[in-house]
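All remarks here apply to the structure that follows.
We name chains A, B, ... by the order of the sequence lines, and we start the count at 1 in each one.
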4 protein chains.
Amino acid sequence: MATTKGEIVEQFRCQAIREAAMRVVSRKGYDHVTVQDIADEAGIAKGTVYLYFRSREDVLEKTMSISFEEFHILIRDAIGRGGTFRECVEQVVKAQLHYFEQQQEFFRLYLAMAEPLGERRLRKHASYRTHIAQLVTMVEAAAEKGEVRDAPAERIAIALASVIRDIGLQRMTEKNKRPLEADVAFVRDFICRGIAAPLVTPEENV
Amino acid sequence: MATTKGEIVEQFRCQAIREAAMRVVSRKGYDHVTVQDIADEAGIAKGTVYLYFRSREDVLEKTMSISFEEFHILIRDAIGRGGTFRECVEQVVKAQLHYFEQQQEFFRLYLAMAEPLGERRLRKHASYRTHIAQLVTMVEAAAEKGEVRDAPAERIAIALASVIRDIGLQRMTEKNKRPLEADVAFVRDFICRGIAAPLVTPEENV
Amino acid sequence: MATTKGEIVEQFRCQAIREAAMRVVSRKGYDHVTVQDIADEAGIAKGTVYLYFRSREDVLEKTMSISFEEFHILIRDAIGRGGTFRECVEQVVKAQLHYFEQQQEFFRLYLAMAEPLGERRLRKHASYRTHIAQLVTMVEAAAEKGEVRDAPAERIAIALASVIRDIGLQRMTEKNKRPLEADVAFVRDFICRGIAAPLVTPEENV
Amino acid sequence: MATTKGEIVEQFRCQAIREAAMRVVSRKGYDHVTVQDIADEAGIAKGTVYLYFRSREDVLEKTMSISFEEFHILIRDAIGRGGTFRECVEQVVKAQLHYFEQQQEFFRLYLAMAEPLGERRLRKHASYRTHIAQLVTMVEAAAEKGEVRDAPAERIAIALASVIRDIGLQRMTEKNKRPLEADVAFVRDFICRGIAAPLVTPEENV
DNA sequence: TATGAATGAGAATTCATTCAT
DNA sequence: GATGAATGAATTCTCATTCAT
């Protein structure tokens, strides 16, 4: 609408800086990234960063929230693909572990997000809560269909997210990686056999 | 025995500094703690810190490893109390969530441990790995008794630790806390129904 | 040629900082100069020093070696002007005492060079050794021509340098300075009558 | 007279501390010696140093001046032994080089003394001037006897001291030391052939 | 707009000096 | 007297932020 050419250029710049920020955060860690690092990675001057962002914190904050948007869409799609709760969980787990594998930078950002310390937490929490909210929605939908045993949906969502994250982290640290499918199946089963609705025989969970 | 009065005082001071460090780490995060913070919190001068520790890193490292030792003993005892795997898990979950509740500072330290970036990770990893190793032992013992379904013990341990941690974190952020027992039961069931050996009916999981 | 404007400015800044460093070293002594001192003297901020030099040591090291380069050229030229050994010595003595007079800061730096303690010595030694080496060359050339009596050239060079230095130092501390020529003659004669080849009568030494 | 037992003990302590200071100064250099170093070397507590000296500077200052007293006596005796100027010079050179060899700690102190920088210079100068004054006396005595050619006695004394010092320093840095006698002869000849009264033939200087 | 030089607040560490025991 | 723990000023170096070009 009112998008002038200047604004488009501005958006483009912002994105380039955020992408650079994501890469350096993933390499050096949130706390150890300097504005110079970001500028170098983006191929611009340090001062230029301040034309598009108010401060170092502003860059990192926006980098994280915008990166998370893409992630949220991915998860929303995985959930939206439908199927049984078990299939749904599998899709979510697979989408996440795969995305983590592909976008290690983002994964490190995601991990940093979970850090609950200091004021930083406040900033990060919004995106993280959104992520949990998505999972809560999924759990509640399954609960309505009787596919999930009775337990607070948020607790389940948190447990789910936490297992995926830490298995993802473990995968990242391993040299000889297990096949992605093996871990997807492990996480899916770990989650489902615990929170699935009552079963007559466990065999039907294959 | 051979402990002179001076050594006792020294131990006492060290402990006071470590406790102060734990509090400030829990408030500001590992990376943002300054030596001045620690000194202020301990009610001593900055230079005094250096009478008892070689460097800022030394304080933080020792703070973490000694706190973890206490924690490891707690978990070892919970595991050692025996019983079925289910009972064992319950004891571990209860011990952890209770300890986290009591020692919120330690809990934040424990959380910081999972941060995967930078060299810090290497330092922290030792304690974290020890913790995981304890859980692996527990899982393997249960596996031998056929109480755990077939899956890599380390994956199970990681999943277990991750769920306990994040539920603990969630509890910490909630204003109106749920009863500890409710969350202990939730986590226990979340874990056991997933990794327990095949069951005929879910009712027996009461 | 390929010197960009930025490089010229950089060179200029570096030189200004080195000159400031030289002045403060001459006032406070090598070990007592702080980065703040240098910055204040140069009329810049402390942090600016670090834009042009890696560390405090880097500033001081470069200050000394570059100052010495100029000095070495001066001495080389004095030696190269040729003539008898006696004339040659006179030229060297005169060049040094004059330079010391003009560049008191450098002279103090030169004096600091002789300090024989600690690791600093290693750093300084290179320039000092070069200076001695120049004199050795001069002495050896004269020795070949039979103008110098038989003695280790290095010993002679050291003795020569040491007399020039300390007479220069003495001149610096005196309020009513003797004429430069008087001291040049004194040093020249002190040196030559001792190491010159045998003379029949001293009168020929006018 | 009024020397109480307490005062004797005090003198003893002071001396022990000064001796310790001399050793550490010789190892680490004047500027790098800490009060703790001195206390450790003396086998006493840091605070004890302050019972006998006002400050770190006070220790070092007194250490230097008292060490010099011994040195002054040595030189006075060498001069007092009489003989021709040439013999006298030889005795002084020999005494100094020998003493430097034996008391490397003192030698390093002596070297530090010549450092002309900063306020430290003021403190050190007194002892150094005394040393020069001794040599001036010697030169003047010889001048009266016509053994020295016409030149300012102080200039001669300075030149003399400087050559001895730097040859001593050179000896200290050499691995395979030349015989002491060789350097004594070199310095003696370097000095005498230059400042000796007119000679008919140089051969008589053997 | 873009730059990057300059700034200076802040962090870790050392050490002379004090003072309670 | 003797001790050595405690102090905090001083020092080096880093980096977010500003601003003249």
Side-chain angles (χ1 to χ4, degrees), chain A residues 6 9-10 13 17 31-40 42-60, chain B residues 5-6 9-10 12-13 17 31-40 42-60, chain C residues 5-6 9-10 12-13 17 31-40 42-60, chain D residues 6 9-10 13 17 31-40 42-60:
Chain A
V9 171
E10 173 152 338
R13 276 288 202 205
I17 293 170
D31 286 327
H32 299 101
V33 167
T34 69
V35 175
Q36 187 67 66
D37 288 333
I38 296 169
D40 288 349
I44 59 176
K46 190 160 52 159
T48 308
V49 172
Y50 287 86
L51 293 178
Y52 297 96
F53 296 90
R54 278 193 313 283
S55 67
R56 171 188 179 275
E57 282 312 292
D58 191 33
V59 181
L60 295 177
Chain B
K5 195 173 129 204
V9 170
E10 172 152 339
F12 187 75
R13 277 288 198 207
I17 292 170
D31 283 327
H32 298 99
V33 169
T34 69
V35 174
Q36 186 68 67
D37 288 333
I38 296 170
D40 289 349
I44 60 177
K46 196 166 38 160
T48 306
V49 173
Y50 289 88
L51 293 179
Y52 297 97
F53 296 91
R54 277 192 312 283
S55 67
R56 171 188 178 277
E57 281 311 291
D58 191 33
V59 181
L60 295 177
Chain C
K5 196 174 124 202
V9 171
E10 172 153 340
F12 186 76
R13 276 288 199 211
I17 293 171
D31 283 328
H32 297 100
V33 168
T34 70
V35 174
Q36 186 69 65
D37 289 333
I38 296 170
D40 289 349
I44 58 176
K46 195 168 37 162
T48 307
V49 173
Y50 288 90
L51 293 179
Y52 297 96
F53 297 90
R54 279 192 311 282
S55 66
R56 171 188 177 277
E57 280 311 291
D58 191 34
V59 181
L60 296 178
Chain D
V9 171
E10 173 151 337
R13 277 286 203 205
I17 292 170
D31 286 327
H32 299 102
V33 167
T34 69
V35 175
Q36 186 67 65
D37 288 333
I38 296 169
D40 289 349
I44 60 175
K46 188 160 52 158
T48 307
V49 173
Y50 287 86
L51 293 179
Y52 298 95
F53 297 91
R54 277 193 317 281
S55 67
R56 170 188 179 277
E57 282 311 294
D58 190 35
V59 180
L60 295 177

Practice problem: Could you pull out the closest heavy-atom pair between C/Arg13 and C/Ile44, with the gap in Å? | Solution: NH1-CG2, 3.9 Å
Practice problem: Please report the shortest heavy-atom distance between C/Val35 and C/Arg56, naming the atom on each side. | Solution: CG2-CB, 3.6 Å
Return the value, rounded to whole Å, for the distance between atom [atom1] of [X] and atom [atom2] of [N].
{"X": "C/Phe12", "N": "E/dA6", "atom1": "CZ", "atom2": "C1'", "value": "16 Å"}
{"X": "B/Asp37", "N": "E/dG10", "atom1": "CG", "atom2": "C1'", "value": "11 Å"}
{"X": "B/Arg13", "N": "F/dG4", "atom1": "CZ", "atom2": "P", "value": "16 Å"}
{"X": "D/Ile38", "N": "F/dT3", "atom1": "CD1", "atom2": "C1'", "value": "17 Å"}
{"X": "B/Asp31", "N": "E/dG10", "atom1": "CG", "atom2": "C1'", "value": "16 Å"}
{"X": "B/Phe53", "N": "E/dA12", "atom1": "CZ", "atom2": "P", "value": "15 Å"}
{"X": "B/Ile44", "N": "F/dG4", "atom1": "CD1", "atom2": "P", "value": "20 Å"}

Quiz item: A/Thr48 side chain: which of E/dA2, F/dA6, F/dA2 is closest?
Solution: E/dA2
Quiz item: Would a 4.5 Å heavy-atom cut-off, applied to side chains only, mark C/Asp31 and D/His32 as touching?
Solution: yes
Quiz item: Base, sugar-phosphate, or nothing: which does B/Tyr52 touch, judged by heavy atoms less than 4.0 Å apart?
Solution: sugar-phosphate
Quiz item: Counting only Watson-Crick or G-U wobble pairs whose two distances fall under 3.5 Å, which nucleotide matches E/dA20?
Solution: F/dT3
Exercise. State the NZ-CD distance between C/Lys46 and C/Gln36, to the nearest 0.5 angstrom.
Key: 5.0 Å
Less than 3.5 Å apart, which donor and acceptor atoms pair up between the side chains of residues 47-55 of chain C and the rest of the protein, not counting sequence neighbours?
unit_1: C/Thr48; atom_1: OG1; unit_2: C/Ala45; atom_2: O; d: 3.4
unit_1: C/Ser55; atom_1: OG; unit_2: C/Glu57; atom_2: N; d: 3.4
unit_1: C/Ser55; atom_1: OG; unit_2: C/Asp58; atom_2: N; d: 3.2

Quiz prompt | Closest-nucleotide 5' rank along DNA chain F - winner of D/Gly43 and C/Leu51 | solution = D/Gly43
Quiz item: Which nucleotides of nucleotides 16-21 of chain E have their base under 4.0 Å from a protein heavy atom (B), which only their sugar-phosphate (S), and which neither (-), written as one string 5' to 3'?
Solution: BBB---
